[in-house]
Amino acid sequence: QVQPVESGGGSVQAGGSLRLSCAASGRIPSFHAMAWYRQTPGKQRELVATVTSGGSADYADSVKGRITIPRDNAKNTVYLQMNSLKSEDTAVYYCNAGSRLGQFSVSVYYGWGQGTQVTVSS
């Protein structure tokens, strides 16, 4: 199954930063929109951020001002730059790719990977 590969998670203290990577080079067309999701135990997967092939980004209200989603089309890689992290940001983070739908929504085309764990302590 074709899927992006997430990496870069880890443990940080509240207020710290992490930069997650989502590699799709060689497997996923670069013209797709890409998106980051997160999930905590007992909760559904939550859309965190999206970015089009042209670099237009949207974010969940809970992360606006703290998270950006840089995209390197040459490498077909998208990042999630997380700053001023809070304990509620603790989750497994996943990425995927597909088509933008309406307002802050993505129709994903690929399988879900293992994700990368982000743990924020205080």
Side-chain angles (χ1 to χ4, degrees):
Q1 179 70 40
V2 175
Q3 62 189 45
V5 178
E6 306 96 341
S7 63
S11 298
V12 298
Q13 294 187 17
S17 298
L18 282 174
R19 183 178 174 89
L20 310 184
S21 296
C22 175
S25 181
R27 293 178 290 274
I28 297 174
S30 61
F31 56 79
H32 286 331
M34 300 190 74
W36 283 97
Y37 301 77
R38 65 186 181 188
Q39 186 170 26
T40 56
K43 298 182 180 180
Q44 64 184 4
R45 186 177 287 111
E46 173 192 17
L47 180 61
V48 176
T50 66
V51 61
T52 68
S53 61
S56 179
D58 288 300
Y59 305 93
D61 288 341
S62 61
V63 302
K64 286 181 179 177
R66 301 188 297 114
I67 291 180
T68 59
I69 184 170
R71 181 170 184 164
D72 186 339
N73 287 332
K75 298 180 179 179
N76 203 14
T77 299
V78 67
Y79 306 91
L80 192 68
Q81 178 65 50
M82 303 188 292
N83 304 313
S84 301
L85 284 164
K86 304 175 180 179
S87 60
E88 54 262 43
D89 295 317
T90 296
V92 177
Y93 285 72
Y94 303 87
C95 69
N96 217 303
S99 299
R100 287 275 296 275
L101 296 174
Q103 184 176 355
F104 195 52
S105 181
V106 174
S107 176
V108 299
Y109 295 162
Y110 304 97
W112 298 103
Q114 64 180 7
T116 185
Q117 175 72 49
V118 171
T119 301
V120 183
S121 61
S122 60

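Each residue takes its place number in the sequence, starting with 1.
Scanning both residues, Ser17 and Asn83, for their nearest heavy atoms gives OG-OD1, 2.9 Å. Of all heavy-atom pairs spanning Tyr59 and Ala49, the tightest one is CD2-CB, 3.6 Å. Between Gly111 and Gln3, the shortest heavy-atom distance links the atoms O-CB, 3.2 Å. Here the shortest heavy-atom pairing between Arg100 and Asp58 reads NH2-OD2, 2.7 Å. Taking every heavy atom of both residues into account, Leu47 and Ala60 meet most closely at O-CB, 3.7 Å. Between Gly115 and Val92 the shortest heavy-atom distance is CA-CG1, 3.9 Å.
Asn96 has its side chain out of reach of Val106: every pair of non-hydrogen atoms, C-beta onward, lies at least 4.5 Å apart. Looking at heavy atoms from C-beta onward, Arg71 lies in side-chain contact with Asn76 at the 4.5 angstrom threshold. Ile28 places none of its side-chain heavy atoms less than 4.5 Å from the side chain of Tyr109.
Using a 4.5 Å cut-off between side-chain heavy atoms of Ile, Leu, Val, Met, Phe, Trp and Tyr, with links allowed through other members, Met34 and Tyr110 fall into different hydrophobic clusters. In the hydrophobic clustering of ILVMFWY residues, with side-chain heavy atoms under 4.5 Å counting as a link, Val63 and Tyr94 come out apart. Hydrophobic cluster membership is shared by Ile67 and Leu18, with clusters built from Ile, Leu, Val, Met, Phe, Trp and Tyr side chains linked at under 4.5 angstrom.
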Subject >> Intermediate values then yes/no, side-chain contact (heavy atoms from CB on, under 4.5 Å), Glu6 and Trp36 >> reply: CA-CA 10 Å; Glu6 306 96 341; Trp36 283 97; 4.0 Å; yes
**OP:** Show your reasoning for whether side-chain contact (heavy atoms from CB on, under 4.5 Å) applies to Ile69 and Val78.
**Re:** CA-CA 7 Å; Ile69 184 170; Val78 67; 3.4 Å; yes
**OP:** Take Asp89 and Lys86 through the salt bridge (Lys or Arg N to Asp or Glu O under 4.0 Å) test and state the conclusion after the steps.
**Re:** CA-CA 5 Å; Asp89 295 317; Lys86 304 175 180 179; over 6 Å; no
**OP:** Could you go through the side-chain hydrogen bond (donor to acceptor under 3.5 Å, both in side chains) check for Tyr79 and Thr68 one step at a time?
**Re:** CA-CA 8 Å; Tyr79 306 91; Thr68 59; over 6 Å; no
**OP:** Could you walk me through whether Met82 and Val48 pass side-chain contact (heavy atoms from CB on, under 4.5 Å), step by step?
**Re:** CA-CA 11 Å; Met82 303 188 292; Val48 176; over 6 Å; no
**OP:** Applying side-chain contact (heavy atoms from CB on, under 4.5 Å), run through Arg38 and Ser62 and close with a yes or a no.
**Re:** CA-CA 12 Å; Arg38 65 186 181 188; Ser62 61; 3.4 Å; yes
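Checking side-chain atoms of Arg19 against main-chain N and O of Gly8 turns up no donor-acceptor pair under 3.5 Å. Between the side chain of Thr90 and the backbone N or O of Val120, at least one donor-acceptor pair lies under 3.5 Å. The main-chain N or O of Thr77 is never found under 3.5 Å from a side-chain atom of Asp72 such that the two would form a donor-acceptor pair.
Counting non-hydrogen atoms of neighbouring residues, nucleotides and ligands closer than 6.0 angstrom, the CD atom of Glu88 exceeds 12 such neighbours.
Distance check, rounded to the nearest 0.5 Å: CD of Glu46 to OG1 of Thr40 gives 8.0 Å. One distance of note links CZ of Phe104 with OG1 of Thr50; it measures 5.5 Å at 0.5 Å rounding. Note that the NE2 atom of His32 and the OG atom of Ser99 stand 7.0 Å from one another [nearest 0.5 Å]. The OH atom of Tyr93 sits 15.0 Å away from atom OG of Ser7, with the distance rounded to the nearest 0.5 Å.
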